[in-house]
Amino acid sequence: MPWTQVALAVTAGAGREFEVVCIRPGRANGLDYPAPVLEASLALWDGVTSFVDHGSAIDRTRAGYRSVRDVCGVIAEPAWDPDRGIVARLRLAGAAGDHLAPLLVALVRDREAGLPVPNVGLSADLLVAYDAAGTVTQIERVLSVDIVVDPAAGGRVERILNATLIAKGETTMSEHEDALTAPQTLAELKSELEEARIARRELAESYLRTALAASGLPLPMQRAVQVRLAQRPAYTVADVVAEVEAERSVWAALQEEHTVRDLGPRVSEVRCELDRLQLACDRLLGAANAADAAGVPRLSGLRELYLLLTGDYEMRGTFVSERVNLANVTTGTLTSVVKNALNKVLVQSFEARPQWWQPIVVQEDFPTLNDVTWVTLGGFGDLATVTEGNAYGELANLTDAEEVSTWTKKGGYIGITLETIDRDDVAAVRQIPRKLGLAAWRTLSASIASLFTANSGVGPYWPSSQSTYRLFDAQYANLGTTALSASAWDATVQAMFKQTEAGSSKRLGVRPKWLLVPIELEKTALTILKSAGEPGTGNNDANVRAGSFGVITVPEFTDANDWAAAADPADLPGVCVGYRFGRTPELFVADEATVGSMFTNDELRIKVRFLYTVGVAEARALYKHNVA
């Protein structure tokens with residue numbers, strides 16, 4: 001019978017009780033729900049409370065998080081339907097149920113009439129067990145069955161109970177109305193139909209106000225929509241959508257030529273929820289980008305972050321996708337967010353320490369872990385004179401020095417247990433990347449300093465292919481034994497300047513740019529650097545070397561008397577440092593629930609890794625004084 005030829009005869013309780021589908025077999029929120037598992041859970045659905053909308057992700061971590069104001073009904077008489085899944089009766093109750101009843105009645109009626117309806121249905125909040133493939137093996141508990149927009153598992157309101165459809169003008173009554181007379185039934189019918197029309201009008205008017213407020217249309221255009229709809233005998237939600245969208249299209253066309261103009265500093269950054277959560281995590285763990293987190297809510301602790309990204313309220317070390325309300329969250333999101341935040345803190349801690357070696361080294365990044373060869377070419381000496389009409393003579397082949405250095409891999413891991421997360425021990429976790437950054441800085445610093453301090457201060461063999469001459473040796477005219485003074489520094493300047501080029505015996509003419517000292521000699525070095533008069537003399541001679549070099553205090557120089565000099569690496573490269581995977585250490589986080597430390601130890605492991613290689617391209621760029 002066509003909808004235009006029927007009316008709704010409603011008995012007592014109609015509009016308060018509905019047949020509903022709670023959940024269908026299939027995939028929802030990243031998990032597969034097999035039909036046998038759903039059928040086995042029927043007893044868990046009877047008497048479950050129904051709320052208006054799910055609770056928020058943060059609220060769901062707290063006991064008693066749902067409000068009585070949100071209660072809209074109860075699920076009763078669940079049954080298994082092979083074609084539809086778990087079906088039941090939804091009995092509305094409370095103030096929320098009163099508010100919801102007209103919407104659900106209109107929803108069922110408009111759907112049966114073939115009209116467009118909002119995607120409003122039922123969504124279950126469940127505790128489930130599932131295997132590694134993401135297939136649910138057991139429904140452990142049904143927390144609630146809520147009325148929501150866009151239900152994930154196909155829950156919907158099927159029909160109104162305690163009601164029947166009759167032809168206009170007929171007096172056929174439902175089986176529950178035997179005690180009523182026909183005139184009473186018709187009177188009630190008219191009353192119910194009038195109430196339904198009023199509810200539908202109120203719903204459309206409410207939606208119109210909401211749609212206009214969110215439309216961004218100028219006030220005159222909003223009023224134009226209201227006037228057009230008011231001139232109709234009646235209008236629906238679909239009419240509101242059509243009118244608002246038509247007006248928005250007109251407004252967009254009028255604004256096209258003014259869309260991109262005067263952006264400047266008024267354009268603000270658009271962030272998704274995961275970006276905001278990343279900033280909140282950065283701030284929680286102490287990353288120095290708090291200014292970027294303006295307007296981002298603060299996390300209360302590690303526990304809240306863990307629950308938001310895993311839904312693991314029982315602290316079992318598992319990812320429960322159906323409880324995670326943020327979009328695009330997967331099993332790897334917690335790892336990614338925590339790793340990014342900890343890496344920022346690690347790098348900030350590493351870079352916060354004075355990297356004393358940077359002025360004296362050449363730094364390069366490499367694409368592989370093959371051994372690195374640092375090559376220094378010799379020179380040609382003077383060019384020969386070519387007389388008129390004569391041929392050019394062949395120059396001697398270049399000589400070169402090769403130093404091969406291998407890669408050093410440094411690292412380790414530390415574990416964060418579920419107990420630490422559950423106790424919200426934020427202070428302890430904040431210290432982990434800071435201390436790891438400091439350890440990485442010390443490690444690289446010691447590797448570079450060892451070139452000057454190893455083997456009683458003469459360094460490693462150089463080039464490493466031979467075992468005769470150390471880095472600092474008379475062979476390279478770069479080893480002295482004089483205590484630091486203005487005169488000793490002057491002698492070192494002259495000695496380095498006189499060093500000869502490999503293959504040509506011509507002077508290099510290289511001056512030392514940096515004076516490297518232990519903390520005990522820092523004052524002496526700065527006195528030589530900054531005094532107007534030459535230190536150690538009584539005749540007011542000018543300190544002509546003042547300001548011509550820099551002082552570097554090396555933490556690993558533990559001999560209080562030894563000191564060194566280094567040329568500017570842009571003039572003559574000396575110490576060389578190569579990096580693989582970046583010039584700072586990097587962190588990795590392992591939290592897979594089914595394998596590894598999270599499975600065996602309930603422990604989220606943080607691993608730090610730092611790969612680098614240290615070598616010397618040219619010994620003559622360095623000078624060392626080992627003072628007895």
Side-chain angles (χ1 to χ4, degrees), residues 1-10 13-24 26 28 50-54 70 72-73 75 81 83-92 96-124 145-166 192-215 225-226 228-229 232-248:
M1 180 182 297
W3 178 259
T4 55
Q5 297 178 347
V6 299
L8 189 64
V10 188
R16 304 289 297 179
E17 188 168 328
F18 300 83
E19 181 182 287
V20 297
V21 175
C22 298
I23 188 171
R24 300 178 188 272
S50 182
F51 295 91
V52 176
D53 295 323
H54 285 317
D70 297 332
C72 67
I75 299 297
D81 185 324
D83 296 324
R84 294 184 293 170
I86 294 179
V87 297
R89 290 174 177 256
L90 169 63
R91 293 171 179 165
L92 297 183
D98 294 339
H99 178 74
L100 195 61
L103 172 63
L104 298 187
V105 170
L107 183 72
V108 173
R109 184 179 61 193
D110 289 354
R111 185 192 300 127
E112 292 177 347
L115 298 174
V117 295
N119 187 15
V120 174
L122 283 79
S123 178
V145 179
D146 304 328
I147 308 298
V148 301
V149 175
D150 294 332
R156 68 179 241 167
V157 180
E158 295 282 272
R159 62 189 180 94
I160 307 167
L161 298 177
N162 297 327
T164 184
L165 297 178
I166 64 174
E192 292 290 346
L193 288 175
E194 180 62 24
E195 289 181 5
R197 280 194 292 269
I198 294 173
R200 186 170 183 175
R201 185 187 66 202
E202 290 178 349
L203 176 64
E205 290 174 350
S206 176
Y207 186 82
L208 173 61
R209 290 191 294 270
T210 302
L212 289 177
S215 67
V225 173
Q226 292 173 317
R228 287 198 298 272
L229 290 174
R232 302 185 183 187
Y235 60 87
T236 66
V237 170
D239 296 329
V240 173
V241 172
E243 287 289 344
V244 172
E245 287 303 314
E247 204 70 16
R248 283 170 57 89

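Position 1 is the first residue of the sequence; numbering continues from there. These numbers come from the heavy atoms of this one structure, side chains and all, not from hydrogens, waters or symmetry mates.
When the side chain to side chain donor-acceptor pair (under 3.5 Å) test is applied to Asp98, the partners found at least two apart in sequence or on another chain are Arg16. Contacts of Asp81 classified as salt bridge (Lys or Arg N to Asp or Glu O under 4.0 Å), with partners at least two apart in sequence or in another chain: Arg84. Taking Arg24 as the reference, nothing meets the salt bridge (Lys or Arg N to Asp or Glu O under 4.0 Å) condition, with sequence neighbours excluded. A search for side chain to side chain donor-acceptor pair (under 3.5 Å) contacts involving Ser123 returns His54, not counting sequence neighbours. With sequence neighbours excluded, the residues satisfying side chain to side chain contact (heavy atoms under 4.5 Å, CB included) with Leu103 are Leu100, Leu203. In terms of the salt bridge (Lys or Arg N to Asp or Glu O under 4.0 Å) criterion, residue partners of Arg228 (sequence neighbours excluded) are, by chain and number, Glu243, Glu247.
Here CG of Leu107 is found 10.0 Å from CD of Glu112. Values are rounded to the nearest 0.5 Å. Distance check, rounded to the nearest 0.5 Å: CG of Leu90 to OG of Ser50 gives 5.0 Å. Rounding to the nearest 0.5 Å places CD of Glu158 at 6.0 Å from CD of Glu19.
Of the candidates Val21, Val20, Ile23, Ile86 forms a side-chain contact (heavy atoms from CB on, under 4.5 Å) with just one, namely Ile23.
Using a 4.5 Å cut-off on side-chain heavy atoms (C-beta onward), Asp53 and Asp70 make no contact. Residues Asp146 and Leu122 are not in side-chain contact: their nearest non-hydrogen atoms beyond the backbone lie 4.5 Å or more apart. Counting heavy atoms from C-beta on, the side chains of Pro116 and Asp110 never come closer than 4.5 Å.
A pairwise comparison of heavy atoms in Arg111 and Val157 identifies NH1-O, 2.7 Å as the closest pair. Taking every heavy atom of both residues into account, Ala101 and Phe18 meet most closely at O-CZ, 4.3 Å.
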